[in-house]
Undergrad: 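Structure below; questions to follow.
Owing to the predicted nature of the structure, the values given are computational and were not obtained by experimental measurement. Letters A, B, ... are given to chains in the order of the sequence lines, protein chains preceding strands, and every chain is numbered from 1.
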Amino acid sequence: MENILPEPLTKKLGDRLRGVVGDAWVIADADRLLAYESDGLTAYRKTPLAVVLPRDTDEVSRVMGILAEEDVPVVPRGAGTGLSGGALANGDAVIVGTARMTDMLELDPDNRLARVQPGMINADLTKAAEPYGLYYAPDPSSQSACTLGGNVAENSGGPHCLKYGVTSRYVTGLTVVTPEGKIIELGGFGREPGGYDLLGLFVGSEGCFGIATEIEVRLLPKPEGVKTLLAIFDRLGDAGAAVTEIMAEGLLPAALEIIDGPTIRAVEASVFAAGFPTDAEAALVIEFDGIEAGLASDVERAVVQCRAAGAREVRIADSEEERLALWRGRKKAFGAMGQIGNDLMVQDGTVPRSKLTEVLARISEIGVRHDLTIANVFHAGDGNLHPNLIFDRSDADELRRVELASTEIMAVCVEAGGTITGEHGVGLDKRRYMSLVHTPDELDAMRDVKAVFDPRGRMNPGKVLPDLPDSAGAAV
Amino acid sequence: MNSLAGMLTDRLSAAQVVDGIEAERWAVCGRIPQAVVFPESEEQVAEILSLSSEEGWQCIPGGKGGWLHGGQPPQGVDVVVSAERMNEISAYEPADMFIEAQAGAELEVLERRTLECSQWIALDPPGGERGTLGAMVAVGAAGPLEAGFGSPRDQVLGATLVTGDGRVLGLGGRVVKNVAGFDLLKLVTGSWGTLGMITSVTMRVHPVPATDRSLLFKGRDPAEAAALACRLAQAPLSLAAVELLVPGDAESGANASSPLVAVRILESVDGADEAERLVSERAGIEPFQRLEGEQSAAIFENVRAMEDGAELVLRLSLLPSRLPELVEMTSRLSGLYDPTEGWGMRLAGHAQTGVLRVMIAKMTHSTDGLDQARVVLGVLRRSLEAEGGSLVVSQGPPEIVGALGAWGDSGPVAPFNAGIRAAFDPASILAQGRLPQ
């Protein structure tokens, strides 16, 4: 994959690409390419050969056709908010970005469907659907910035997928441009095509199979009522136990989120302060939604479980304003971490819910042993953990300890019956952990399936799958 | 004993292989296998499939055989590999909301086990409770509850698959959120045995809702009922199921089985009352019947049994708002059957997903009759496809399904389907022809 085009973008290739998208939309000068050298995982950086910004399916198809003819690797990119290095331009790749593909193509309230371009921001879709009493359910914490195309690539989750499920449940159809520039349709609501669920396979394929250029999604009717609670605990383990008890009670909250002590203090010291008590060791945010009349009894039962698990205080948000403040505290927690450290490694792993308390204790022990601050903010209801390792990039030894601790945390998640990523994807960062959860045969099966779509290995090279044991050097 | 059965017996045991007359009830779309084999472990499945790959035997993975007559006829049927004797529940963790069982476990057994902890698997595929977990996942079967809870693709957390050449692959896991690598599990769900034999499945379970209530609304005729079903499907709340039910020609009449719409509400106690109020308001009429608890579940159990005894089962699809058009199109099928034979033609429409199931008890079997059926169904399929919909012949006489194919053409994605199949089944021994190219 190395040195396919040793010179920075040949004139011939540049001219051909500009011929499709126009001069303004091929970025090839070093200064402007800086903005594309990493995604949300800033520990890895690589400057792309060029960035191309097409406007629609047809332009993507022509761009991809040219890049195929020239045998240039391609890395798709949405807003670049991903946290696993998935949008990093490995192997002198050209980035094909969706920044200009932001249109709503069709909104069909009767059938609760929307067809959008992949560069549309997640939150903008809900905004557009709101007048019809509808919304788009998957809500990653970055929803005000991340794109729906990126959500498709990562099969994104979010706090509310405890009740509503992840992106793959909502994507009903895709227009995809293959690595060779061919346009294909996958799925489609209102039809039952025969053959394999290629749509389901494509969602979460991290840009390794092609580029989605149109996305059809299912919308949901906005719940009649929402009730949000905040329970404060003096021990993190107690908050974990409350989560288990709430679920065992047969309740199905829309969201169950835990913010630990270090995160609370970071949030409260930031502009996103939500009124969490700074001496607490855990805040549990519980949300119920649905038919208004049914919510009161759910809330009551959840309060009982929280108190039984040792909550020192349970607050119910009385107004929409209070509710939004609680959520701001949760969703902006990553941003607030800047208060306690220069750099942040956001980890992502899933464990069976009943193992939460045990796994959190082990993560805390790992932090102590490696002398690192670990702040936890996570989707407790799904068992989806986000330990945040705080470090300073300029401290080489600290960086080394972050790597060691990350590896140990992954191993703990897998040992508990969980997995190495719940929603951020494998990307570049987690390839080295793939063999913790997959046998060589399983990895080979994934390689075979990728080769069906991308026989020359040009799509998002060096992502998701680890290098074969006999090839030289892993990427990290 | 034939030589194929003999070779399998040598590898396993005489008690695990049947042939001849005993193999007859395992016919696949009318074709009787040379042998039926009952492995008792993943390793035995791998051994059978490896041997079949070497010998070039065409294998059809199955459970208890309930789906073998349906779908598209395979090119060859040498061996049926039944998961019937692999039926253990291997793990059930109520707190983690999953149940894991071998592929041959009956849905009924899983249902009983989960109910002990006030949980359930929220799927109601046709064929009822005696079907197996593996078969449901292999054919991706869902029923009215798909609207509220999703189909198997949304609820299967993990599976073990033995590929055509005997590799054992663990796919997915035990947790809901899992993006560690490409989602091969999606490929396997609904793959009709063409990628391998599923030997175990991990399913998501849900808490049993406090209230199970069905509201039944009557329509004067199918058209009126279909319009009502559409209206209710667009009600501003999430309903577990909205099903249009049109009884067979011979079933309507004396016992007042006119077309109806069944709305299923699964909510908390207070929530159910409010949902009922919203639904009735939307309907503009009062329900003629209101069923609670077991009775509510029972009416939807009946929906699962609607395909029983049908010779032809079709699935017509368009966007949900066009359900009335689908119902109207069924008038084109009137020449295909004699309404006085059996119960005639039944309809069941999933109003939130836009799928109308058409069940015909007995088709007109003269040569002319079958020719006519092929033409009529072919034309209907083309007109639905032109509108962005589809027609699936999920069950029918081999002369019909063989000629039309259960599904339409895969079009430009066909090479991808073929490539995937070759990756999992390099010797091409698994259910060849069961899915479109």
Undergrad: Please check this pair: side chain of A/Asp110 against backbone of B/Ser321, looking for a donor-acceptor N/O pair closer than 3.5 Å.
TA: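 Such a contact is absent between A/Asp110 side chain and B/Ser321 backbone.
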Undergrad: Should B/Asn417 and A/Leu198 count as side-chain neighbours, where that means a heavy-atom distance under 4.5 Å?
TA: yes
Undergrad: Tell me, please, which residues at least two apart from A/His160 pass side-chain hydrogen bond (donor to acceptor under 3.5 Å, both in side chains).
TA: A/Asp139, A/Glu287
Undergrad: Please determine, among A/Ser354, A/Gly383, A/Gly349, A/Gly188, the option with the most heavy-atom pairs under 4.5 Å with chain B.
TA: A/Ser354
Undergrad: Using non-hydrogen atoms and a 4.5 Å limit, figure out which bit of B/Val269 sits close to chain A: side chain, backbone, both or neither.
TA: neither
Undergrad: Looking at side-chain heavy atoms only, is the closest gap between B/Leu319 and A/Leu113 below 4.5 Å?
TA: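 SC-SC contact between B/Leu319 and A/Leu113 confirmed.
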Undergrad: A/Asp197 side chain to B/Leu187 main-chain N or O, any donor-acceptor pair under 3.5 Å?
TA: no
Undergrad: Any idea which of B/Ala233, B/Ser317, B/Ala210, B/Pro207 has the most non-hydrogen atom pairs under 4.5 angstrom with chain A?
TA: B/Ser317
Undergrad: Among B/Gly389, B/Ser268, B/Gly354, who wins on heavy-atom pairs under 4.5 Å with chain A?
TA: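 Counting heavy-atom pairs under 4.5 Å, the top option is B/Gly389.
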Undergrad: Which answer fits A/Leu186, side chain, backbone, both or neither, if we ask what part of it has an atom under 4.5 Å from a heavy atom of chain B?
TA: side chain
Undergrad: Go through the atoms of A/Leu295 and report whether side chain, backbone, both or neither lie under 4.5 Å from a heavy atom of chain B.
TA: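 Neither; nothing under 4.5 Å.
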Undergrad: Please look at B/Arg421 and chain A and tell me whether the side chain, the backbone, both or neither of the residue comes under 4.5 angstrom of a heavy atom of that chain.
TA: both
Undergrad: With a sphere of 6.0 Å drawn around CD of B/Glu116, does it hold more than 12 non-hydrogen atoms of other residues, nucleotides or ligands?
TA: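 Atom CD in B/Glu116 is packed in, count exceeds 12.
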Undergrad: Measuring heavy-atom distances to chain A, does B/Phe424 have an atom under 4.5 Å in its side chain, in its backbone, in both, or in neither?
TA: side chain
Undergrad: So does A/Tyr132 have more than 12 non-hydrogen atoms from other groups sitting under 6.0 Å from OH?
TA: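 No, OH of A/Tyr132 has 12 or fewer neighbouring heavy atoms, counting only those of other groups under 6.0 Å.
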Undergrad: What part of A/Thr172 gets within 4.5 angstrom of chain B, counting heavy atoms only: side chain, backbone, both, or neither?
TA: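 Neither; nothing under 4.5 Å.
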Undergrad: For chain A, which of B/Gly150, B/Ala414, B/Cys230 has the most heavy-atom pairs under 4.5 Å?
TA: B/Gly150
Undergrad: Do you know which of B/Thr194, B/Thr163, B/Val188 has the most heavy-atom pairs under 4.5 Å to chain A?
TA: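 Winner by heavy-atom pair count: B/Thr194.
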Undergrad: Using a cut-off of under 4.5 Å on heavy-atom pairs, state which of B/Arg174, B/Met97, B/Arg153 scores highest against chain A.
TA: B/Arg153
Undergrad: Which heavy-atom pair separates B/Phe182 from A/Met446 by the least distance, and what is that distance?
TA: N-SD, 3.6 Å
Undergrad: Among A/Asn155, A/Ile420, A/Leu220, A/Asn384, which has the most heavy-atom pairs under 4.5 Å with chain B?
TA: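 Top option by heavy-atom pairs under 4.5 Å: A/Asn384.
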Undergrad: Identify which part of A/Phe209 has an atom lying under 4.5 Å from any heavy atom of chain B, answering side chain, backbone, both or neither.
TA: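 For A/Phe209, the side chain is the part near chain B, not the backbone.
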Undergrad: If only atom types and distance count, is the side chain of B/Ser390 paired as donor or acceptor with the main-chain N or O of A/Pro193 below 3.5 Å?
TA: no
Undergrad: On a heavy-atom basis, which atom in A/Gly425 and which in B/Val179 lie closest, and how many Å separate them?
TA: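 Reported closest heavy-atom pair: N-CG2, 3.5 Å.
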Undergrad: At a 4.5 Å cut-off on heavy atoms, which part of B/Pro320 comes close to chain A: side chain, backbone, both, or neither?
TA: both
Undergrad: Please look at A/Lys463 and chain B and tell me whether the side chain, the backbone, both or neither of the residue comes under 4.5 angstrom of a heavy atom of that chain.
TA: neither
Undergrad: Judged by atom type as modelled, is there a donor-acceptor pair below 3.5 Å linking the side chain of B/Arg322 to the main-chain atoms of A/Gly190?
TA: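 Absent.
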Undergrad: So which heavy atom on A/Pro221 is nearest to which on B/Pro236, and how close?
TA: CB-C, 4.0 Å
Undergrad: Less than 4.5 Å apart, side chain to side chain, heavy atoms only: is that true for B/Glu93 and A/Pro352?
TA: no
Undergrad: OG/B/Ser238 to CG/A/Asp289 distance, rounded to the nearest 0.5 angstrom?
TA: 8.5 Å
Undergrad: Please check if the number of heavy atoms outside A/Lys227 that lie under 6.0 Å from its NZ is greater than 12.
TA: no
Undergrad: Under 4.5 Å, counting heavy-atom pairs only, tell me which of A/Lys355, A/Arg169, A/His424 racks up the most with chain B.
TA: A/Arg169
Undergrad: To the nearest 0.5 Å, what is the distance between OG on A/Ser205 and CG on B/Asp183?
TA: 10.0 Å
Undergrad: Any donor-acceptor pair under 3.5 Å linking the side chain of B/Arg167 with the backbone of A/Ala445?
TA: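 Between the backbone of A/Ala445 and the side chain of B/Arg167 there is no qualifying donor-acceptor contact (under 3.5 Å).
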Undergrad: Quick check on A/Glu249 against chain B: is it the side chain, the backbone, both or neither that has a heavy atom closer than 4.5 Å?
TA: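 Nothing of A/Glu249, per the 4.5 Å heavy-atom cut-off to chain B.
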Undergrad: Can you tell me which portion of B/Gln234 sits under 4.5 Å from chain A's heavy atoms? Options are side chain, backbone, both or neither.
TA: both
Undergrad: Using ring centroids (six-membered ring only for Trp), state whether A/Tyr196 and B/Phe416 fall under 6.0 Å.
TA: no
Undergrad: A quick test of your reading: do over 12 heavy atoms of other residues, nucleotides or ligands sit less than 6.0 Å from CG of A/Asp108?
TA: yes
Undergrad: Are the side chains of B/Leu169 and A/Asp441 in touch, meaning some heavy atoms are under 4.5 Å apart?
TA: yes
Undergrad: Heavy-atom cut-off 4.5 Å, strictly under: side chain, backbone, both or neither for B/Gln352 against chain A?
TA: backbone
Undergrad: What is the minimum heavy-atom distance between B/Val175 and A/Gly417, and which atoms define it?
TA: CG1-O, 4.4 Å
Undergrad: Walk me through it: do A/Thr350 and B/Asn178 pass the test side chain to side chain contact (heavy atoms under 4.5 Å, CB included)?
TA: CA-CA 7 Å; A/Thr350 311; B/Asn178 184 352; 5.9 Å; no
Undergrad: Should A/Leu201 and B/Leu184 count as side-chain neighbours, where that means a heavy-atom distance under 4.5 Å?
TA: yes
Undergrad: Find out whether B/Glu274 and A/Glu292 are in side-chain contact, i.e. whether some heavy atom of one side chain is under 4.5 Å from a heavy atom of the other.
TA: no
Undergrad: Grab the two heavy atoms, one from A/Asp448 and one from B/Ala423, that are nearest each other, plus how far apart they are.
TA: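 Closest heavy-atom pair between A/Asp448 and B/Ala423: CB-CB, 3.7 Å.
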Undergrad: Looking at every non-hydrogen atom in both residues, tell me the closest pair between B/Ala180 and A/Val437 and how far apart they are.
TA: CB-CG2, 4.3 Å
Undergrad: Anything in residues 240-248 of chain A with a heavy-atom distance to chain B below 4.5 Å? Please list those residues in order.
TA: A/Thr244, A/Met247
Undergrad: Count the heavy-atom pairs under 4.5 Å between each of B/Gly140, B/Ser151, B/Ala418, B/Ala235 and chain A, then report the option with the highest count.
TA: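 It is B/Ala235.
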Undergrad: Can you check salt bridge (Lys or Arg N to Asp or Glu O under 4.0 Å) on A/Asp382 and B/Lys177, steps first, answer last?
TA: CA-CA 7 Å; A/Asp382 300 307; B/Lys177 282 163 88 176; 3.5 Å; yes
Undergrad: Would you say that more than 12 heavy atoms from the other residues, nucleotides or ligands in this model lie under 6.0 Å from the NZ of A/Lys222, or not?
TA: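 Atom NZ in A/Lys222 is not crowded, with 12 or fewer foreign heavy atoms closer than 6.0 Å.
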Undergrad: Could you measure the distance from the CG atom of B/Leu391 to the CZ atom of A/Arg191? Nearest 0.5 Å is fine.
TA: 13.0 Å
Undergrad: Find out whether A/Glu224 and B/Leu278 are in side-chain contact, i.e. whether some heavy atom of one side chain is under 4.5 Å from a heavy atom of the other.
TA: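 A side-chain contact exists here, since the closest heavy-atom pair is under 4.5 Å.
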Undergrad: Measure distances from B/Ser191 to the heavy atoms of chain A and classify the residue's part below 4.5 Å as side chain, backbone, both or neither.
TA: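 For B/Ser191, the contact with chain A is made by backbone and side chain together.
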